[in-house]
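Fair warning: this is a prediction, and the values are worked out from it, not measured in the lab. Any value given below was found using the heavy atoms of this structure, including those in side chains, with hydrogens, waters and symmetry copies removed.
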Amino acid sequence: MSPRTPAAFLEHAQPFLKAGVLDASDVHAIALTAPRFGEDDVERMLGLAFAARAPRVSHPGVDLCTLRQHIVIESDETLPWPPDPDAWARRTLASPMVGGPDDPLKPFVAQPRTRRSGTPLLLTRRMYVEQQRVAGAIAARAAHELPDEAHIGDLDATLARLFPSSAGTDGPEGEAARAVRLAATRALALIVGGPGTGKTFSVTRLLAALMEGRTLSVALAAPTGKAAARMREAIREATDVTAQPVLDVSDDVRARLQALPATTMHRLVGVRPDGSSRHTAANPIPAQLVIVDEVSMVDLTMMRRLLEAVHPDARLVLLGDRDQLASVEAGCVLADLVPATGGATGTAPLAAETQTFTRSRRFESAPDIALIAACLQSYATRHPDLPSGDPPAALARAIEVFSGVRHASHETQPDWRIERLGAPDRSDRYAKPAAQQLTRLAAPYLEGYAEALIAALGDGQHVDDPQWQRELLAVFDRYRVLAVHRRGPLGVQQLEQALAKRIRDAIDAGRGDRAHRRSIDLGEGHWVGRPILITENAYDIGLMNGDVGIVLPLADGAAAVFPHETPGEVRRVALSRLPPHEGALAMTVHKSQGSQFDHVALVLAGRDSPIQTRELVYTGVTRAKQRLSWLGDLDELRIALARQVRRESGLPDLLEAAIKP
């Protein structure tokens with residue numbers, strides 16, 4: 001190797017670094033290791049740099065044949081791509097740094113793909129091993145027989161009692177009952193479906209069936225603190241004595257169900273700062289039943305940790321919506337475990353372990369939103385207005401509903417349900433929201449949240465009342481502005497600033513005299529009534545990533561108040577003790593996963609963006625329970641719906657090889 005080879009590669013990679021396509025860590029990792037393996041081809045080294053980049057941008061591996069068409073850059077700079085992608089891929093796969101799956105001395109792996117024709121997938125050795133361990137653990141759990149004592153004696157009678165046809169359920173043969181039967185009889189159960197389809201409803205019945213007459217250790221978890229709290233709340237609501245349909249269980253079982261805690265996956269597995277885990281195969285999680293919600297958000301490494309930490313004789317139930325956005329880390333595990341057609345055709349490797357829910361009840365009072373969601377889902381759903389034929393027909397129907405040209409057959413408020421705020425202002429180089437659009441985005445906050453705050457601040461009687469604080473939090477949680485990106489005129493940061501100014505001005509004006517108006521600022525960016533979003537878990541004070549609070553001037557000093565798991569109570573945290581946080585008036589669609597609001601305003605990117613996909617739009621739309629507003633171009637929306645998340649993963653091939661029919 002020429003001593004100038006690393007320098008020549010760094011020079012060759014410079015345009016990719018300047019355009020932000022590659023990171024310095026990707027390039028220097030190859031420049032430092034290539035001499036050890038005798039690699040001196042700068043184009044092959046470029047391909048290996050993209051394989052090193054893959055986990056950083058959420059892909060386990062890279063397909064160099066198709067890489068170029070999936071990369072969008074904002075500058076007009078022309079990058080020095082190799083002229084023939086297929087030849088580039090073949091040459092890179094022949095690099096002395098690339099080996100087969102069984103060659104542990106090579107830092108990269110060429111993984112053959114049987115499910116899709118084309119060149120092998122190029123991965124780092126670490127990513128290949130992670131996928132291999134997940135596939136092996138899933139296959140072992142799918143094949144494992146539960147011990148006799150774990151089974152329910154008369155399962156048919158139990159299902160008939162928990163799912164009586166006369167009580168408004170689908171009966172003991174419906175989807176929810178089939179999900180319980182699956183989870184009660186197998187060591188692994190995948191329960192998938194959109195929002196409001198009955199996943200949590202079925203889980204409460206599963207818990208009731210397994211707890212009756214026996215002691216059962218249960219672990220409930222979700223990827224984020226917010227999702228874990230919502231999971232706990234949903235189970236408590238479904239098991240309450242006033243819930244409909246009534247859950248037919250003893251008082252003892254009901255009390256145990258109501259007392260079940262939920263935690264984050266990191267805390268469940270016991271992930272340590274050094275990357276190791278407290279719970280492993282040698283020290284499994286002490287639970288006979290482990291239920292994980294929002295699995296679409298779980299990355300490859302966390303899924304591997306979980307699978308290896310659950311006892312072989314324990315049940316593992318995974319809940320999720322495969323059409324939602326995948327994890328921000330590497331992998332798309334739920335979509336890999338449950339292919340788009342898996343639930344419908346029964347041909348997927350894990351078809352016997354999967355129950356797909358096809359009917360959403362959350363949107364029965366919002367038919368237009370339900371129709372859009374059904375049009376964007378990847379599997380057959382039961383909706384009377386869903387067009388027959390190929391997927392483009394469903395996407396065209398979704399566009400019609402978005403634009404107000406068509407409505408669901410049972411929609412009673414067509415002029416109110418979905419509101420288009422129009423296209424962004426394109427008079428400058430970058431698209432931006434017009435002043436009128438910002439006013440309309442802020443209006444729901446002003447009409448509910450700000451009005452309640454102004455009224456309380458005016459008489460000074462309610463601000464320290466925990467019940468009023470809880471009500472204010474509930475009012476704020478009815479509406480949220482969601483954006484695609486964090487930065488840019490249509491991104492979260494600038495939307496947050498613009499919305500905050502309008503709300504601050506309204507609160508300021510509503511408080512009266514000048515002395516009061518001067519006191520609205522509380523220092524360090526805080527102001528009276530500022531909503532904040534926690535961005536890191538803080539176990540010492542009980543705040544989790546995704547928790548939303550409100551800054552208030554309390555009698556003993558300014559503090560942020562957050563919902564407490566005890567109904568009617570709040571958690572108060574002094575501003576000096578707050579973990580990392582940001583404003584909560586606008587948030588990314590990614591951050592909104594696991595949440596739901598009566599009204600959502602979805603703000604599109606205003607430009608061609610590789611992350612603006614069908615899954616992102618679906619996730620944003622399905623956060624809304626009653627009403628949806630959206631800001632963007634129809635053409636931009638069409639492009640987004642036609643673009644699907646495609647993560648270069650080898651897990652489906654490994655699963656197919658590990659799970660023999």
> Does the side-chain contact (heavy atoms from CB on, under 4.5 Å) test come out yes or no for L289 and S217, once each step is laid out?
Replying inline: CA-CA 7 Å; L289 171 63; S217 54; over 6 Å; no
If you measure from the Lys or Arg side-chain nitrogens to the Asp or Glu carboxylate oxygens, is any gap between [X] and [Y] under 4.0 Å?
X    : Y    : answer
E411 : R417 : yes
D240 : R236 : no
E308 : R133 : yes
D156 : R181 : yes

Exceeds 12 heavy-atom contacts within 6.0 angstrom, atom [atom1] of [X]:
X    : atom1 : value
D556 : CG    : yes
D274 : CG    : yes
H590 : NE2   : yes
R278 : CZ    : yes

Could you work out, with ring pair (Phe, Tyr, Trp, His ring centres under 6.0 Å) as the rule, every residue matching [X], not counting sequence neighbours?
X    : answer
Y618 : none
H581 : H526
Y479 : Y445, H599

Taking side-chain hydrogen bond (donor to acceptor under 3.5 Å, both in side chains) as the definition, give me every residue that meets it alongside [X], ordered by chain and number, with sequence neighbours left out.
X    : answer
H410 : none
R214 : none
T264 : Y539

> Stepwise, does the salt bridge (charged side-chain N to carboxylate O under 4.0 Å, His left out) test hold for E173 with R178?
Replying inline: CA-CA 6 Å; E173 300 303 323; R178 294 202 300 271; over 6 Å; no
> Taking it one step at a time, do Q644 and T613 satisfy side-chain contact (heavy atoms from CB on, under 4.5 Å)?
Replying inline: CA-CA 5 Å; Q644 289 187 269; T613 61; 5.8 Å; no
>> Does the structure place the NZ or CZ of R161 under 6.0 Å from the centre of the six-membered ring of F163, at an angle of no more than 45° from the ring's axis?
In response: no
> Can you name the closest pair of heavy atoms from S296 and Q324 and give their distance?
Replying inline: OG-CB, 3.8 Å
> Measuring from Q377:CD to R322:CZ, what's the distance to the nearest 0.5 Å?
Replying inline: 10.5 Å
>> I'd like to know if the side chain of S649 pairs up with that of Q131 as donor and acceptor (distance under 3.5 Å, no hydrogens or angles considered).
In response: yes
>> Does any part of the side chain of S592, heavy atoms only, come nearer than 4.5 Å to the side chain of R623, both counted from C-beta?
In response: yes
